[in-house]
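One-based numbering, in listed order, for ligands and for the atoms of each. These numbers come from a predicted model, not from an experiment.
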Amino acid sequence: MGVGLLRRGRFARPMDPTASEYISSMKDDLTIFHPVVQINIAHTIMLTEQGIISEKEAATILEALHSLHRGGISKLDLRPELEDIHMAVEEFVIKEIGEEIGGKLHTAKSRNDQVSAAIRLALRKKLLDLGDQLLKLVNTLLVQAEKNIETVMPGYTHLQTAEPTTFAHYLLSYCAAFLRDIERIENAYEMTNSSPMGACAFAGTSFPIDRARVARLLGFKKVDENTMDAVGSRDFALQSIGAAAIAMTNLSRLAEEIILWSSAEFSLINVPDEFSSTSSIMPQKKNPVIAELARAKAARVMGNLAGALALVKALPQAYNLDLQELTPLLWNSIDETISSFEVMEKLIAALKPRREEMLKQAERGFSAATELAATLVREAGLSFREAHSIVGRMISTAVENNRTAADLTVDDLKKASHEIIGREITMAQEKMKKALDARNCVYSRNIIGAPGPKALKQQLTALKTKLRKHHKLLWTWRRAVTRSEENLIKEAERRFK
Ligand code: ARG
């Protein structure tokens, strides 16, 4: 084809090889190979239904596209001079059936609407995979939580021991976050599931095409109407990277805690050997490398988001080749997020809490102080602020004398209350012991969402219902995608067979 299919009319010479290598998106386009073939099939079916090309022409084109669909990408010549997969597919069809008929394939479409549609088709599936992976992790967290309803552990604010909680409560906090991530992914899916086909370069076409038909053939929920917006927008991609980046941010917090808590300094959990590596010089080392990388991958996805936003910012409307640079950031974000969630799910499933150590540490650092203040309010009729100050004084005196929470007595209470409110408050030593007991402190907290066993059981039930609901929704969407793909091929086949 000499100067090439695309250039022979306008240019006398081929592009400089360095320049064509530089602008080619070929290697990033592998992800959209099948979508591009599907789009060409759907478009051809619509063209003949609308009487724009004859049934015979359509049958010839569809047979060539079908053979490409079956044969796979190895049938294509992917030399960078072709610029991208869109041209490679068109060139394949023309080589197979000649330009007189094959040359009609690109009637009433542009690479601009085609690339946006192809990204959306590929992204739909990736978002479903991502959603499923998150659901898996939520399920694993629920299973772990169920085994640890009564596992008391220290809870932290400012990374200082704050109040006792349960390991289940901690795990369910991440279930809540990841379920919101799943909702964000579902929102991104709905934004993505809209067809730009028929927008052509940006201003549509005077051919009487049926945009809604192409949308239906590709299983899109609707047509992305404004043709300039349809080719020029990538906010569906930004939203998807954003959802991935937020999910990774949530995952990185969990990862950080696994790193911290498996250290000798915390000793709260054991990371299984299968998810640890060792040092080439220090024979004793057991390093939580999976969690470290999950923490780092979050940075990468965040970087992708920043890059993608910067790329779209202030970009003049409609298609610019800048947009080509966004697509690899999108795939990388979703792929890294999927693999991070996949491996972290396995790690969490195998994670072992060190229950005795957790309880011991939960009792350190006067962690039941808040509960003692609450008990004083109930037992001695004090205001909360009075009780808060009295307990604070009891603790500061104890700290000065190197005493722990277990050493606190009613005499300390009497002394501190005298100093703070000018009168002596007392209570049964028994009640004070109970208030200071970490287990009692946690088990008595059963309001909505709290770490007590009763509250946890309610949370588990509610979370399982949510999990099922999302599972069903993603499954329904996946089935719709699979069916539309199968129907598309059948529609093509019955036109040439
Ligand atoms: N390779 C391009 C991309 O990935 C496809 C669209 C090219 N359009 C154009 N007018 N050069 O975005």
Side-chain angles (χ1 to χ4, degrees), residues 3-11 14-40 42-43 73 76-94 105-126 192 194-205 214 218 224 227-238 240-241 304 307-335:
V3 185
L5 195 58
L6 192 58
R7 297 175 58 88
R8 65 176 180 202
R10 181 67 180 82
F11 298 116
M15 200 175 209
D16 172 272
T18 309
S20 75
E21 182 80 44
Y22 187 67
I23 67 152
S24 171
S25 58
M26 208 58 100
K27 56 185 185 310
D28 295 315
D29 286 347
L30 305 187
T31 312
I32 56 168
F33 164 68
H34 274 292
V36 168
V37 178
Q38 286 162 348
I39 291 163
N40 275 288
H43 185 72
I73 197 160
L76 289 183
D77 182 348
L78 297 173
R79 60 192 196 286
E81 309 89 272
L82 287 175
E83 293 191 13
D84 53 30
I85 197 96
H86 311 280
M87 295 317 300
V89 169
E90 189 181 340
E91 187 196 64
F92 170 85
V93 171
I94 289 174
L105 174 59
H106 209 57
T107 313
K109 73 178 170 63
S110 154
R111 283 185 290 170
N112 297 351
D113 54 352
Q114 188 162 296
V115 72
S116 173
I119 295 168
R120 289 160 190 262
L121 289 181
L123 181 56
R124 272 196 325 201
K125 285 191 177 179
K126 282 187 188 282
T192 300
S194 174
S195 175
M197 284 311 292
C200 302
F202 80 91
T205 176
V214 177
L218 295 170
D224 223 33
T227 55
M228 186 181 280
D229 173 58
V231 297
S233 67
R234 289 292 184 274
D235 45 84
F236 70 90
L238 296 178
S240 301
I241 304 175
N304 288 343
L309 286 167
L311 191 149
V312 178
K313 180 194 170 289
L315 197 65
Q317 186 53 295
Y319 188 84
N320 300 269
L321 199 56
D322 306 50
L323 292 177
Q324 175 171 295
E325 227 24 48
L326 189 149
T327 319
L329 299 179
L330 174 63
W331 303 146
N332 181 260
S333 301
I334 309 295
D335 294 346

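- Note: L121 CG to L218 CG = 5.5 Å, rounded to the nearest 0.5 Å.
- No side-chain heavy atom of C200 sits under 4.5 Å from any side-chain heavy atom of N112.
- Residues V231 and S110 are not in side-chain contact: their nearest non-hydrogen atoms beyond the backbone lie 4.5 Å or more apart.
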Residues 317-328, side-chain donor-acceptor partners within the protein, below 3.5 Å, at least two apart:
unit_1	atom_1	unit_2	atom_2	d
N320	ND2	P316	O	2.8
N320	ND2	A318	O	3.1
Q324	NE2	I23	O	2.7

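- Listed as neighbours of ligand 1 are S25, D84, H86, R111, N112, V115, Y319, Q324, each bearing a heavy atom under 4.0 Å from the ligand.
- Listed by chain and number, the residues in a salt bridge (charged side-chain N to carboxylate O under 4.0 Å, His left out) with R120 are D224 (sequence neighbours excluded).
- Every side-chain hydrogen bond (donor to acceptor under 3.5 Å, both in side chains) that E83 has, sequence neighbours left out, goes to R111.
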